[in-house]
Amino acid sequence: MSILNHLLHITSFKSPLLRTIVPSIGAAIAIQAAAGLPSVLAGTERFFDLSGSLTFLAVGALSLYLPQLRARVGHAALPSLLSAFGSGGGWNWRQVVVTGMAVTWATRLGVYLFDRISKDGHDPRFERLRTQPLRFAVSFFIQAMWVSFMLMPVMALNAVPAAAFAAIPRLTVTDILGIGAWTGGIALETAADMQKSRWVEGKKMKQHDEQFLCKGLFSVSRFPHYFGEISLWTGVATTAAGVLALKPVQVALGFSNPVGILATTALAFTAPAFSSFLLLKVSGIPLTEARHDERFKNNREYQEWKKNTPRLIPKLW
């Protein structure tokens, strides 16, 4: 407990946001370092995505639980989870729901990716990286930063002092819009992944000889799973940003002018912005399209599908 108390003491900043965000990011880096060292030594990427999901779970839970931990500094025992729902110092339903939304997504994705690599035996993204220890190690640090950026709306919302929630409405329009967008987004992403998995399995079982998937959701969007992912993180951000912009919450976080609303909105929308950047410009669509364009450059059906099917948003783009 002395080590924990020391860590809580050195991160006990005046700002509620820093008190939650700084130790949460530190935890993400520590967990990825612990996962990365044996992976680099063994030269395997088998547990890369799984460790990312576990980091999501751990950091999300930590950001939610930190206020309870700080309240018990100096006590011999850790607080129970049930005590966090007590009157006057408990969690607000939005904190539990938004944290749950993030970790549900992480759990689903982690299970899906781990199952995929278990069946395939390798991940094309790491063909070269796994043989380059330094670059492979850096990828785990990058994953820690990815987790931190994606959980920023969760950490910001969980940083709000409990007393502030008593002064705001129990339900707002942004709550409804945000939860609705998340629900639609994760449903779309899950359905697209299931369709892709069935298609791959069917190909392995010689049930079809199709070269690429262009049916179902993939007939209205070339990357429906990515559209779903961006949508669900927009939902998380909308829910968090709506609460963070309310005056009692702004005051509790130490903001006294409109700049505070801009700051908290920026924190909340870090997640969908970063997700969109990665999927649209870095490791998502660009890498996948580059592989497919090279492989199917002489395939007329692929060229027609690519020309006539929206890249991301059905019926639009």
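Using the six-membered ring where Trp is involved, Phe56 and Trp233 have ring planes that are tilted, between 30° and 60° apart. Ring geometry for Tyr226 versus Phe223: interplanar angle under 30°, hence parallel rather than tilted (30 to 60°). Using a 30° and 60° split on the angle between ring planes, Phe140 and Phe48 fall in the perpendicular class, above 60°.
Between the Trp199 side chain and the Lys215 main chain, no donor and acceptor come within less than 3.5 Å of each other. In this structure, Thr309 contributes its side chain and Lys306 its backbone to no donor-acceptor pair below 3.5 Å. Checking side-chain atoms of Glu229 against main-chain N and O of Ser275 turns up no donor-acceptor pair under 3.5 Å. Remark: side-chain polar atoms of Ser53 are paired, donor with acceptor, to backbone N or O of Ala106 under 3.5 angstrom. In this structure a side-chain-to-backbone donor-acceptor pair under 3.5 Å is present from Thr238 to Thr234. Between the side chain of Gln32 and the backbone N or O of Thr55 there is no donor-acceptor pair closer than 3.5 Å. Between the side chain of Ser221 and the backbone N or O of Phe218 there is no donor-acceptor pair closer than 3.5 Å. Put simply, the side chain of Arg108 never gets that close to the backbone of Ile186: no donor and acceptor are under 3.5 Å apart. Under a 3.5 Å cut-off, the side chain of Glu189 and the backbone N or O of Phe227 do not form any donor-acceptor pair. Thr99 places no side-chain N or O within donor-acceptor distance of the main-chain N or O of Val96, the cut-off being under 3.5 Å.
Listed here is the closest heavy atom pair of Ile168 and Ala164: CG2-O, 3.7 Å. The minimum heavy-atom distance between Ala237 and Ala268, with the atom names listed, is CB-O, 3.2 Å.
Cluster membership check: Leu232 shares its hydrophobic cluster with Phe149, using side-chain heavy-atom separations under 4.5 Å among Ile, Leu, Val, Met, Phe, Trp and Tyr. Linking ILVMFWY residues whenever their side-chain heavy atoms come closer than 4.5 Å, directly or via other members, leaves Leu64 and Leu18 in distinct clusters.
For Met194, the CE atom sits in a loose shell: 12 or fewer heavy atoms of surrounding residues, nucleotides or ligands are nearer than 6.0 Å. Within a 6.0 Å radius of NZ in Lys247, other residues, nucleotides and ligands contribute 12 heavy atoms or fewer.
Between the side chains of Asn158 and Tyr65, no donor N or O sits under 3.5 Å from an acceptor N or O.
Here the side chains of Tyr112 and His225 are not in contact, with every heavy-atom distance at 4.5 Å or above.
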